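Remarks on the structure that follows.
In this text the structure is predicted, and so the values were computed from the model without any measurement.
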Amino acid sequence: MPLAAPRLVRAWLDSLSSGIVEFDRNWDSPVPPAIALSGSVEVTAFKKAPELAAAKAYRYFRRGPSTFAFALPLKRGGGIDPGTDTVYVAGQFNGWQAAVGDAAWRLTLEELDGEKLLLWTGPADKVLHSGEILFKFVTGENQWLLPRDDAPNCVRDDSGVVNRFVDPNRTGGHLWRFELGASLDLAGAWTVAAGADLSAGALPLVPGDFFFDLATDLPLGAIVSARSTTFRIFVPRAESVTLHACHDLSEAKTAGTFPLARRGDGHGASGLWEVELDRNLHGWFYWYSIDGVEGGTGKVVTRTDVLDPYAFAAVDRLGPGIVLDRAWVGWSDSEFRTPPWQDLVIAEAHVRDLAARAPTKATAAERRGFSGLAAWVESPEFYLHHLGINCVELQPVQEFDNKSPEEYHWGYMTNAYFAPASGFSLAPAEASGVRELQRVVKAFHERGIAVILDVVYNHVGEPAHLMAIDRRYYFEQDPAGNLANWSGCGNDIRATAAMAKRLIIDSCAHLLEAYGVDGFRFDLAELIGVEVLKEVETALKKVKPAVILIAEPWSFRGHIAGALRDTGWASWNDGFRNFVRDYVRGGAPAERLEYFLRGSPWYFAKWPAQTVNYTESHDDRTWLDSITENPGFDGTNPAPNDIRRTHLMASILFMSVGLPMLAEGQDFLRSKGGLGNTYQRGDVNALDYKRMYRFLGTHAYFADWIAFRRSTRGRLLRHFSRPSEGFFRFFSGGGQALAVLLNADQSKGAERLLFAVNPTTADVTVSIGDVAALGTWRQVADHERFLHSGSRAATRKVEAELEIPALGCGLWLAGS
C-alpha cells in the first residue's frame with residue numbers, strides 16, 4: 001500500500017508577505033505540494049524553505065545525504081554573546097556533559113541565508129543513530145540553554161527536564177516557504193491549505209517571530225496637555241479599537257465612545273492606535289474595547305473593559321484607568337543617596353504585614369495600605385529603624401488582582417504596572433495611591449532606608465488585560481497555542497516581544513522617576529530571560545545609574561543565576577538558604593560553608609555583591625518553623641535549641657560576603673504555626689510586635705550584628721570586588737565546625753577578624769595554628785551577645801586550640 005502524502009501540521013508567516021508551511025515529514029516526492037490561502041491571496045512562489053527556517057524552528061537541519069547541522073540563532077538565543085561565550089551541542093550521541101570543552105562539538109559563528117548564527121556541521125552518522133535522539137546547547141561554563149516554549153521538537157522527562165529531539169523524518173525538507181503578491185493585514189483571520197490534496201483542510205496562518213519585533217517608540221497611555229488629551233495603545237492585530245471615557249464613575253454606562261485610528265506611518269507596522277480629544281481630561285476614567293484576532297484560532301472577537309497597560313492609576317483590578325497629567329504625578333526630588341550595594345542590609349516586607357498591628361494610631365482602612373505604613377515608618381518606634389537595616393524590599397505594590405480592598409493578597413498577580421495597588425489606597429477612584437506611595441518611599445528615605453520593589457513581569461493577574469490586547473504577542477505558547485505555565489500561574493509573559501520588553505522597562509523607569517524607588521527584585525526572573533534582563537539593566541541604569549537590580553533567578557523551568565554572572569544583576573541565593581538550614585542542624589559539611597562565607601564565588605557570583613544571602617522569605621515556612629525541634633513545624637513556642645540555631649544562622653548570614661537579607665519578623669523568631677503558603681492569610685502574616693519583646697534578646701542579637709556589619713569594623717565583610725586569594729584562611733575541626741580568618745594577608749589594612757562556628761551538639765576544638773599570635777585578639781560576639789566597650793563579662797581567649805561550645809560561635813577582632 002503506497003504511503004500517504006505528507007500532511008500539513010502548522011503554518012506561520014515569517015514576514016507580512018511570506019511564510020512557512022510545515023508537513024509531518026520531509027516532502028521527498030518529485031511532485032511539489034500545492035498551496036492556497038484564504039481570501040484568494042496570490043501566491044507568487046512556493047518552494048522548499050531555506051536551511052535558516054529549520055535552524056530557527058528545530059535548531060537542526062540536514063545538508064545533503066551525509067552532513068548534519070545544529071544551529072543556534074543569536075536573536076532570542078538565551079543571551080549568548082558569540083564574542084565571549086563558547087557553545088557546544090550535547091546529547092545522547094556524544095555523552096551530554098562530555099561534549100563541554102570538546103572542540104569537536106563546539107559551534108562556530110557563521111552566516112546562514114544572510115543571518116549570523118552559531119553552527120555545528122559534521123557527518124550525519126555521528127548524530128543519526130537508532131532510537132530517540134535528544135540534544136541541548138550548553139555553554140563552556142556549563143549553562144544549559146533552555147528550549148523556547150514554542151519549539152515543536154521538545155520533550156519533557158519525568159523529572160521535568162526539557163530537551164529538544166531530532167526527528168529523522170523532519171530534517172528540513174518538511175518545511176516549504178511561500179511568497180505573496182501583497183502584504184497581509186495582520187488583523188485578518190487568514191488560513192492556508194497545502195499538500196497533495198487541498199481539500200484535506202486549511203489551518204490558521206499565525207504570525208511568526210517577526211511579529212514579536214513589531215513596536216513603536218511613541219509615548220503610550222493617556223498623554224495630557226493643557227488643551228488636549230491623546231490616547232495611544234499598541235494592539236498589533238486589531239480590526240478596531242474604541243476608547244470609552246467618562247468624568248464620573250456613575251456615568252460609565254453612558255460613557256463617551258471615541259474610535260481610535262490605526263497609525264499608518266510605520267510606527268509599529270500599523271500596530272499603534274491613537275485618538276486625540278481636544279480637552280484636558282485629567283481625572284477622567286477610561287477603558288478600551290478591542291475587535292481583533294483571538295490567539296492562534298483565527299477568530300475575530302470583541303473584548304471589552306480592557307485596562308490600558310500604561311494607565312498611571314486604576315480604580316481596581318478590572319479598571320477603569322484614570323487619566324493623570326504626568327506633571328501632576330510629579331518627579332521624585334529625593335536627595336536620598338542609594339547605598340553602595342556591598343553596604344546593603346535588606347529586609348523583605350509586605351505593606352500590610354508591617355502596618356496591620358503596628359503600635360500607632362491608624363484607622364482600619366489606613367492599616368490596610370500605604371497610609372498606615374507611612375505613619376508607622378514615620379513613628380519614632382518604627383521597628384525596622386531600630387533593627388538597623390538600610391534597605392527594605394517591599395512585596396508587590398503595583399495594581400494586583402485582590403477582589404476587594406479588604407482581601408489580603410501577597411500581590412504577585414499584577415494587573416497594571418504603572419498603577420499603585422488600589423487595595424492599598426484610601427481613595428482609589430481619586431488616584432490617592434500615587435501620593436500615598438510617594439509618601440511611603442519618602443518616609444523610608446528619611447529613615448536612611450532604600451526602597452526596592454518586588455515586581456512581577458513573568459505572568460499576569462485576572463483579568464489578563466494583556467491577553468485581551470493580543471494573546472499571541474504577549475504570552476508564551478507551545479506550537480498548539482496552549483499557554484506556557486512555568487510560573488505556576490498559567491500565563492507566562494513573552495518578555496522577548498518588543499513591546500512586552502518596553503512595558504517592563506517603561507514601568508520600572510516610571511517607578512524610579514515618579515516615586516524615587518531605589519531598585520527592583522524581579523520575581524521568577526528566569527522566565528524574563530538573560531537576554532531581556534541585560535536590556536532592562538542597560539535601560540534602567542540610564543535613568544538611575546545606582547539602581548539596585550535583584551533577580552529571583554529560577555522558575556519551574558530552570559535556574560539562571562550562573563548565566564547572570566556577567567551582568568549587573570544580583571540573585572537570591574537559594575543554595576545559601578538551603579545549606580544554612582541543614583548546617584545548623586548538623587546536616588551539611590564545613591567545606592561547603594567555606595564557599596558561602598566567601599560569597600558563593602565564580603559559579604554563582606563573579607563579584608561579591610551579586611549574591612543575596614537569605615534563609616527566609618515570604619514563600620513557604622518561616623526560618624523558625626523550618627528548623628524547629630517541635631512537631632508539625634510549629635515554632636510558636638521555640639525550643640532552646642531553636643533559638644540557639646537561629647543565632648548561629650544570624651552569625652553566618654552576617655559574616656558571609658554578599659548582601660544579607662532578612663524576612664520581616666525573622667529577628668524576633670516569627671512563626672506561622674507550621675503553615676507554608678500563606679499568600680492570602682493576612683491574619684497569619686501580620687507582624688505581632690509583642691513577640692519582639694518576648695524574644696528581645698534575639699532581636700537585639702540581630703540588631704547588633706547589623707550594626708557591626710555596617711560599622712567601620714565590619715568593612716572586612718563588605719566587598720564590591722572579589723577579595724584577594726589570600727584574604728581568607730580556613731581551619732576545620734575535622735567535622736562540621738569551622739574557623740575562618742578574614743584579611744589574613746592584610747590586603748585590606750591591619751585589622752583582622754576571626755570567626756568560628758560549631759553546629760553540633762557537642763563542644764569542639766579547632767586547631768588554628770599561628771593565628772593566636774597574629775595580634776591582640778578581642779572578642780566581639782558569641783552565640784548569645786555582642787560585647788560592647790566597657791563590658792566586664794567573661795570572654796573566650798583565642799588560642800592555638802580554639803574551643804567552640806556546642807551550637808556556639810565566636811567573633812574576634814585584632815589589629816585595631
Distance only, no hydrogens: is a donor on one side chain within 3.5 Å (strictly under) of an acceptor on the other, for [X] and [Y]?
X    : Y    : answer
Q97  : N142 : yes
Q610 : S600 : no
E801 : S767 : yes
T628 : D642 : yes
Y457 : S507 : yes

Do [X] and [Y] have side chains that get closer than 4.5 Å, going by heavy atoms?
X    : Y    : result
T646 : I627 : yes
I804 : V757 : no
M692 : H386 : no
I389 : I706 : yes
W569 : K534 : no
L354 : E664 : yes
P805 : R796 : yes
L717 : V657 : no

Specify whether W554 and H559 have parallel, tilted or perpendicular ring planes, treating 30° as the upper limit for parallel and 60° as the lower limit for perpendicular.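 Answer is tilted, since the angle falls between 30° and 60°.
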Test L754 against every option in L813, I768, L742, V780 by the side chain to side chain contact (heavy atoms under 4.5 Å, CB included) rule and name the one that passes. I768
Show the nearest heavy-atom pair for residues [X] and [Y], with the distance to one decimal.
X    : Y    : value
T622 : S671 : OG1-CA, 3.9 Å
F755 : I652 : CZ-N, 4.3 Å
A739 : V766 : CB-CG1, 4.2 Å

Just to verify, what does S159 make a side-chain contact (heavy atoms from CB on, under 4.5 Å) with, not counting sequence neighbours?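 S159: side-chain contact (heavy atoms from CB on, under 4.5 Å) contacts with D157, V161.
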Please enumerate all residues that pass side-chain contact (heavy atoms from CB on, under 4.5 Å) together with H385, with sequence neighbours excluded. F382, R447
Could you go through L624 and I643, starting from their C-alpha distance and side-chain angles, then the distance that decides it, and tell me whether this counts as side-chain contact (heavy atoms from CB on, under 4.5 Å)? CA-CA 8 Å; L624 183 63; I643 298 174; 6.0 Å; no
Among residues at least two apart in sequence or on other chains, which ones pass ring pair (Phe, Tyr, Trp, His ring centres under 6.0 Å) with [X]?
X    : result
F728 : F730
Y412 : H618
F720 : W607

Please identify each residue that fulfils side chain to side chain donor-acceptor pair (under 3.5 Å) with [X], with sequence neighbours left out.
X    : answer
T611 : N573, N613
H350 : none
W572 : none

Distance check, rounded to the nearest 0.5 Å: T86 atom OG1 versus I80 atom CD1?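 One gets 8.5 Å once the value is rounded to the nearest 0.5 Å.
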Report the distance from atom CG of L774 to atom CG of L741, rounding to the nearest 0.5 Å.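 Result: 6.5 Å between the selected atoms.
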Kindly check if the number of other-residue, nucleotide or ligand heavy atoms within 6.0 Å of CZ (R785) is above 12?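 Yes, the 6.0 Å shell around CZ holds more than 12 heavy atoms from other groups.
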Do other residues, nucleotides or ligands put more than 12 heavy atoms under 6.0 Å from the NZ atom of K672? yes
Give the intermediate values and the outcome of side-chain contact (heavy atoms from CB on, under 4.5 Å) for residues H783 and L807. CA-CA 8 Å; H783 45 272; L807 295 178; over 6 Å; no
Could you tell me whether a side-chain N or O of [X] sits under 3.5 Å from a main-chain N or O of [Y], the two making a donor and an acceptor?
X    : Y    : answer
W777 : V771 : yes
R592 : F579 : no
D343 : P339 : no
N743 : S747 : yes
Y383 : G665 : yes
E616 : A663 : no
Y515 : H510 : no

Does NZ or CZ of R621 come closer than 6.0 Å to the centre of the six-membered ring of F633, within 45° of the ring's axis?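 Verdict for F633: a cation-pi partner in R621.
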Could you go through residues 517-530 and list every donor-acceptor pair under 3.5 Å that involves a side-chain atom there, pairing it with any protein atom two or more places apart or in another chain?
residue: D518; atom: OD1; partner: T338; partner atom: OG1; Å: 2.5
residue: D518; atom: OD2; partner: H445; partner atom: NE2; Å: 2.7
residue: D518; atom: OD2; partner: V451; partner atom: N; Å: 2.8
residue: R521; atom: NH1; partner: D454; partner atom: OD1; Å: 2.8
residue: R521; atom: NH1; partner: D454; partner atom: OD2; Å: 3.1
residue: R521; atom: NH1; partner: D523; partner atom: OD1; Å: 3.2
residue: R521; atom: NH2; partner: E552; partner atom: OE1; Å: 3.3
residue: R521; atom: NH2; partner: E552; partner atom: OE2; Å: 3.1
residue: D523; atom: OD2; partner: N458; partner atom: ND2; Å: 2.9
residue: E526; atom: OE1; partner: S555; partner atom: OG; Å: 2.5
residue: E526; atom: OE1; partner: R557; partner atom: NE; Å: 3.2
residue: E526; atom: OE2; partner: R557; partner atom: NE; Å: 3.0
residue: E526; atom: OE2; partner: R557; partner atom: NH2; Å: 3.1

Output, in order, the C-alpha distance, side-chain angles, deciding distance and verdict of side-chain contact (heavy atoms from CB on, under 4.5 Å) for E393 and E348. CA-CA 5 Å; E393 182 182 296; E348 185 203 34; 4.0 Å; yes
Return a table of donor-acceptor pairs under 3.5 angstrom between the side chains of residues 695-705 and protein atoms on other chains or two or more places apart.
residue: T698; atom: OG1; partner: H647; partner atom: NE2; Å: 2.9
residue: H699; atom: ND1; partner: D667; partner atom: OD2; Å: 2.6
residue: Y701; atom: OH; partner: W705; partner atom: NE1; Å: 3.2
residue: Y701; atom: OH; partner: D782; partner atom: O; Å: 2.7

Applying side-chain contact (heavy atoms from CB on, under 4.5 Å) to T765 and L802, what does each step give before you reach the verdict? CA-CA 5 Å; T765 298; L802 184 64; 6.0 Å; no
Just to verify, what does E537 make a salt bridge (Lys or Arg N to Asp or Glu O under 4.0 Å) with, not counting sequence neighbours?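 Partners of E537 under the salt bridge (Lys or Arg N to Asp or Glu O under 4.0 Å) test: K541.
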Taking the six-membered ring for Trp and the single ring otherwise, decide whether the centroids of F576 and Y614 are under 6.0 Å apart. no
Check step by step if ring-ring contact (aromatic ring centres under 6.0 Å, His included) holds for F654 and F708. CA-CA 9 Å; F654 293 114; F708 176 79; over 10 Å; no
Any pair with a residue in residues 136-145 that passes salt bridge (charged side-chain N to carboxylate O under 4.0 Å, His left out), sequence neighbours left out, goes on the list, sorted by first then second residue, please. E141-R565, E141-K606
Whether R645 and E629 form a salt bridge (side-chain N of Lys/Arg under 4.0 Å from carboxylate O of Asp/Glu) is what I want to check.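 So E629 pairs with R645 through a salt bridge.
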